[in-house]
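Counting from 1, the numbers follow the sequence of the chain as shown.
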Amino acid sequence: QVQLVESGGGSVQPGGSLRLSCAASGYTYSTYYSSYCMGWFRQAPGKEREGIANIDRDGSTNYGDSVKGRFTISQDNAKNTLYLQMNNLEPDDTAIYYCAADSAVPICTLIVPDFRFWGQGTQVTVSS
């Protein structure tokens, strides 16, 4: 059974930084090699869930335009943990942030229906 648990959310002023973590149990590179893909998504009030970053089985990363240059996705395979380093945060970054895993399609995307496993989310609030 795959379980994803996010942590690290909180409140920060504009220009500040946060690092989110996603602890994955039951989901490993070796077990899900053919479909391995992990991503970060976010959903602001009244808006659709948005894909912001992913990392595939080769370690290649991809970012949404809204976070490119400010956010960095990484993973520690030994700890089965996914990270999202968020710098220069803006009020528009306020949202619930979700970790997701496992691609239902041949490539690693930023599309919500393409991911099979989801965490419960962690709130990030950027405000002065």
Side-chain angles (χ1 to χ4, degrees):
Q1 181 180 358
V2 174
Q3 188 175 18
L4 306 175
V5 180
E6 302 97 335
S7 62
S11 296
V12 64
Q13 292 185 340
S17 298
L18 283 174
R19 188 175 82 154
L20 305 183
S21 299
C22 171
S25 60
Y27 186 79
T28 64
Y29 178 84
S30 59
T31 303
Y32 289 87
Y33 175 79
S34 63
S35 58
Y36 188 91
C37 174
M38 296 199 76
W40 286 100
F41 293 74
R42 67 185 182 187
Q43 187 165 17
K47 294 186 177 181
E48 293 186 353
R49 193 167 296 188
E50 170 193 20
I52 56 175
N54 67 22
I55 186 165
D56 69 11
R57 63 177 180 241
D58 297 321
S60 297
T61 58
N62 186 34
Y63 297 91
D65 289 340
S66 61
V67 305
K68 201 171 294 184
R70 300 187 298 123
F71 291 10
T72 302
I73 188 171
S74 62
Q75 62 187 359
D76 185 331
N77 289 332
K79 296 181 179 179
N80 285 341
T81 302
L82 182 74
Y83 301 100
L84 184 69
Q85 177 66 43
M86 306 186 294
N87 297 327
N88 195 21
L89 283 160
E90 305 168 352
D92 284 348
D93 295 319
T94 296
I96 299 175
Y97 283 70
Y98 297 91
C99 169
D102 206 50
S103 177
V105 296
I107 60 173
C108 192
T109 73
L110 290 174
I111 301 172
V112 171
D114 290 349
F115 285 78
R116 287 192 267 234
F117 305 116
W118 291 85
Q120 83 291 346
T122 184
Q123 176 71 46
V124 171
T125 302
V126 185
S127 172
S128 55

Checklist entry - Is there side-chain contact between M86 and D93, with heavy atoms separated by less than 4.5 Å? => result no
Checklist entry - Do S35 and D102 have a side chain donor and acceptor closer than 3.5 Å? => result yes
Checklist entry - Is W40 close to C99 at the side-chain level, that is, under 4.5 Å between some pair of heavy atoms? => result yes
Item to check | F71 vs L89 side-chain heavy atoms within contact, under 4.5 Å | outcome: yes
Checklist outcome for this item: d(E90 CD, S127 OG) to nearest 0.5 Å is 13.5 Å
Item to check | CD-OH distance between E50 and Y97, expressed to the nearest 0.5 angstrom | outcome: 8.0 Å
Next on the checklist: I'd like to know if the side chain of D56 reaches the main chain of D58, judged simply by a donor and an acceptor atom lying under 3.5 Å from each other, with no hydrogens or angles considered.
Outcome noted: yes
Next on the checklist: Measuring only between side-chain heavy atoms, which start at C-beta, is S66 closer than 4.5 Å to R42?
Outcome noted: yes
Checklist entry - Can you find a pair of side-chain heavy atoms, one from T72 and one from Y83, that are under 4.5 Å apart? => result no
Checklist outcome for this item: All heavy atoms of N87 vs all of S17, minimum pair found to be OD1-OG, 2.9 Å
Checklist entry - Hey, does V105 have a side-chain heavy atom less than 4.5 Å from the side chain of I111? => result no
Checklist entry - Is the shortest heavy-atom distance from the side chain of L84 to the side chain of V67 under 4.5 Å? => result no
Checklist entry - Is there a donor-acceptor pair closer than 3.5 Å between any side-chain N or O of R70 and the backbone N or O of N88? => result yes
Checklist entry - With a 6.0 Å cut-off on ring centres, are Y27 and Y32 close enough? => result yes
Item to check | S103 side, atom OG; F117 side, atom CZ - distance, nearest 0.5 Å | outcome: 11.5 Å
Item to check | Minimum side-chain heavy-atom gap T109-F115 below 4.5 Å | outcome: yes
Item to check | Reported CD-to-CD distance for the pair E48 and Q43, which is rounded to 0.5 angstrom | outcome: 8.5 Å
Checklist entry - Measuring from Q1:CD to S25:OG, what's the distance to the nearest 0.5 Å? => result 7.5 Å
Item to check | Atom pair CG/CD1 of N62 and I55 - distance to nearest 0.5 Å | outcome: 11.0 Å
